[in-house]
Every structure is written in C-alpha cells, then in structure tokens.
Protein chains: 2
Amino acid sequence: MKKAAATRLAILEKAFELIYAKGYQTTSIDDIIATTQVTKGAFYYHFKNKDEMGVSIINELLKPTLTGSFIAPLQNGGDPLSGIYQLMHNLLIENEFLKVEYGCPAANLTHEMTSWNADFNKALNELTEQWVKTMTDAIESGQAGGSVRRDVNARQVTLFVMAGYWGIRNFGKLEGSKEVYYAYLNELKHYLETLR
Amino acid sequence: MKKAAATRLAILEKAFELIYAKGYQTTSIDDIIATTQVTKGAFYYHFKNKDEMGVSIINELLKPTLTGSFIAPLQNGGDPLSGIYQLMHNLLIENEFLKVEYGCPAANLTHEMTSWNADFNKALNELTEQWVKTMTDAIESGQAGGSVRRDVNARQVTLFVMAGYWGIRNFGKLEGSKEVYYAYLNELKHYLETLR
DNA sequence: CCAAAAACATACTAAGTAGTATGTTTTTGG
DNA sequence: CCAAAAACATACTACTTAGTATGTTTTTGG
C-alpha cells in the first residue's frame, strides 16, 4: 500500500494545480486524469466522486501547507506585528508557488464552493479558523509581552488583516500585476505600526 | 423598440440574480430562460453568446448601480473618511440586496472570470477602476481640505480599504454570518481614524 | 508461490451544456 | 393598412460532463 498512496497524492496534486489555475467547476475529471496519466478507474477507486476529491485537497494538501508555512512563523514568540507583516510579504511577494494571476487557493475555493457544498464549507472553515486562531493568539501574546497595545481587539485585527489579504489577492487577479501587492503591503505596515 | 429592451433587461436582471447566487459557470442558459420565461430564440436574439451576456451584466447593470449608489456618496465634498466608513457600513449592513451568503457580485465575478475571459476582465477592471478613482479623489480632496493627513498615500489607502471590503465579503460567505462584518467595520473605523 | 484483495484500465451511459437552424409572431415606418 | 424587419418560439445538434459496469493487472499476506 505504498504505490497506491502515491497515486492518490499525484491525483490530488495535479488536480489542485488545475483547480488553482482554472477553478473547480471548470476543471473536469477528464482534465485531471489526462494530466495525471491515470485512468478513470484509478480516480474513482480513490475518490467516491469529484467533491470528495475536492474536500481531500483542502484537508490533505492545503491544511498541512498552511500549518507548516503560514502558521509556524507566527508561533516563534517574536514580535507578532513584524511577524504578520513578514508573513504577508512572504505570501504575496516571495512565495513562488502562488501566482498573482490565480489569487489565493483558499479564497478561490471559498468563492466558488461556499453555500454550494456543505463539506467544502466545513473544510474551508476549519482551514481558516486555524489561521485566525493562530494570528489572534500571536497578537494576544504580543499584548502580554508589551509589543502590542493592550486596547486593541486581537480577533478584530486578525479579521481585518486576513480580509485585506484575501481582497488584495483578488485585486491582483484583476490587475494581473504585483504592483497592488506592494501598495497593500506599504499600507499594511503603516496600519500595523498604529497597533504598537 | 420598447418591449424588446424590456425583454433584454429582464434577461439581464434574472441572469444576474442567478449568477450572484450560484456563480457564472454553474448558471446555465436553460436556467436563465426558465426563470425569465423567455425562450432560447429570444435569448440568442439579444445576446451573441453567454459571455456577451455576462459582460453586458457588468456594463449595463453593475456599472450604473456602482455609479449611483456607491460613488455618488463619496462625491458630496464632506469628510471622506466618514464617507468611506458610512459607505462600507451601508454596503455591508444596510443594503438588503447584497446577501452575506453570496458575497460581493463584482468580487465573485472577478474570482470566477478573470484570466479566463479577457472581456470580463476588461469590464471588471473598468468597474473597479472607477471606484478606486472616486475614493482616491475623495481622500485627496480631504487632504486639501485638511480632514486627512497630508502624508498618507491616497491610492494606497484606497486599495487597502477596498481589499478589506472584498476580503470580508469572502469571509462572510464562509461564516454565513454578518458577525465578521461588524468586527471588520470596528477595525476599519480605528484604522480610518489614524489617517486624520 | 498463490489465492484473495487491492489497484488500476476500458468502454460505456445518461444527463446536461452552449449554440444553431428554421420556423412564426409581432412591431414599425411609409 | 401592409410589407419588411424586428422580436420571439421550437426543435434539434454536437459536445462535454460526472459517474458506472465490468473487466484486467498488480500487490500482499499466509
């Protein structure tokens, strides 16, 4: 049971790439199996249907990536405001997997699938909640440590920052250029400074 | 040539409602003509194809609405920061047409259609650019009038605010509740105050 | 090594899709 | 009022889609 797991993972990864680039609804199973070089039999052996595969992408690919790359940097105990800025900078500018033309995978799926498929909604909610909680905790420990003003509402700030991130990703898709990312990051820096 | 225009408008309006609720790709022309009570012949008499209809929705429905409801309030010459907050409050809380489960129509279309259909991209870009320009102008006249700090970058602030709006709309879809809207608006108010 | 289960392959189906061909009705300008 | 054009209606096509039925191959534990 080693090769099979590799096949399953290959399907998930290729499917994710296609969906990230083209969207969930417009990525057909025929597309997926063609680029993955597996057959329909293999696909439906591993997944009950298309939606189950989609949810698996969130749970088995996106969640671990989020935990590893986006959450860990906020948990090192350093200054949370600098940490948040660095994280956003990494995601928007340095990360070479995320493409400005394609936006944010999680935001894309939320847009497309929410209020359409409850399982997607649940998986995406968990994904997001994990990030919200981490960022909120980081801000609160910053407050305890004195690097963040005591009178700011940590969760409120988190939602404000994450909303900005999702939104500027959408803007980037529209403009097709990272220029808006730089503008956003500049203003984010100013905003975060006001929380000290 | 009066009835025909009414038919065309009816198609656009019903199609928009369906697309706003279900998404563009998952709204079929059969759906549209069924709920509009027109036939396929009428549909294809008024529109060359589905995409032309989609672009018409943006140009003939969304743009005028944006101009009337969202842009005019920023051009009354009053305090732009209060104006921006009021506008966001209206859009998120009071507007009874926009539904939290469905998000922002323009953001939805951007997510779904950008980098997929150049005509959509162009229309959405014009729509957005109009809003960006209006908000930027309002902030700059606020700077001239002394109600906004001189050292803020008006366009940068505009992008930051609009990104937040689009993002929190996405968040709302995910959570299915306006609670996140209130959190966002609170923090937006704080942020805007720092620009005075 | 070898049966049984797991993993994959192929051919097909039923339903939906955008769009077209070809009509009929309605409106409009002279 | 009446031809001509505009506006609409119906029936169809060619294609794509998710999913299934029924195989064959490969792996695995005893």
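So that the names make sense, note that chain A is the first sequence line, chain B the second, and so on, each numbered from 1.
- Tested against B:F120 for a side-chain contact (heavy atoms from CB on, under 4.5 Å), the candidates B:L109, B:T114, B:N125 yield a single pass: B:L109.
- Residue A:H46 has no polar side-chain atom (N or O) positioned under 4.0 Å from OP1 or OP2 of C:dA6.
- Rounded to an integer number of Å, the gap from NZ of B:K3 to C1' of C:dT28 is 14 Å.
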Report the secondary structure of DNA chain C in dot-bracket form, marking unpaired bases with a dot and bases paired to a different strand with |, and treating Watson-Crick or G-U pairs with both distances under 3.5 Å as paired.
||||||||||||||||||||||||||||||

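- To the nearest 0.5 Å, atoms CG (B:N186) and CD (A:Q156) are separated by 4.5 Å.
- As a whole-Å value, the separation of A:Y44 OH from C:dA9 P is 16 Å.
- Annotation: side chain to side chain donor-acceptor pair (under 3.5 Å) contacts of B:E60 (sequence neighbours excluded): B:R8.
- Side-chain atoms of B:I29 lie closest to C:dG19 of the nucleotides C:dG19, D:dT17, D:dC8.
- Ring centers of B:F171 and B:Y181: at least 6.0 Å apart, outside the cut-off.
- Counting to the nearest Å, the P atom of C:dT17 and the CD atom of A:Q25 are 11 Å from each other.
- If you measure from atom CD1 of B:I32 to atom P of C:dT17, you get 11 Å, rounded to the nearest angstrom.
- In this model, the phosphate group of C:dT17 is approached by a side-chain N or O of B:S28 to a distance below 4.0 Å at OP1 or OP2.
- A donor-acceptor pair is defined here as one N or O able to donate and one able to accept, closer than 3.5 Å; no such pair exists between the side chain of B:Q86 and the backbone of B:S82.
- The CD1 atom of A:I11 lies 10.5 Å from the CD1 atom of A:I29; values are rounded to the nearest 0.5 Å.
- Across the interface with DNA chain D, nearest-nucleotide mapping of A:D51 and B:Q37 shows B:Q37 to be the residue nearer the 5′ end.
- Contact check on B:K133 versus B:E129 returns no salt bridge, with no Lys/Arg side-chain nitrogen under 4.0 Å from an Asp/Glu carboxylate oxygen.
- Using the six-membered ring where Trp is involved, B:F97 and B:Y20 have ring planes that are parallel, under 30° apart on the 30 and 60° scheme.
- Atoms CG (B:D31) and C1' (C:dA18) sit 13 Å apart, rounded to a whole Å.
- Atom P of nucleotide C:dA18 and atom CG of B:N117 are separated by 14 Å, given to the nearest angstrom.
- Both the sub-6.0 Å distance and the 45° axial angle are satisfied by B:K50 relative to the ring of B:Y24.
- When the P atom of D:dG19 is taken as reference, atom CD of A:E52 falls 11 Å away, rounded to whole Å.
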Every protein N/O lying under 3.5 Å from an N/O of nucleotides 21-23 of chain D:
none

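- Aromatic ring centres of B:Y191 and B:F160: separated by under 6.0 Å.
- Nearest to the side chain of A:A42, among D:dG19, C:dC8, C:dG19, sits C:dC8.
- For B:T39, taking side-chain heavy atoms from C-beta onward, the closest of the listed nucleotides C:dC8, D:dA9, D:dG19 is D:dA9.
- Rounded to a whole Å, the CD1 atom of B:I33 is 12 Å from the C1' atom of D:dC8.
- Distance from the side chain of A:D30 is smallest for D:dT17 among the nucleotides D:dC8, D:dT17, C:dG19.
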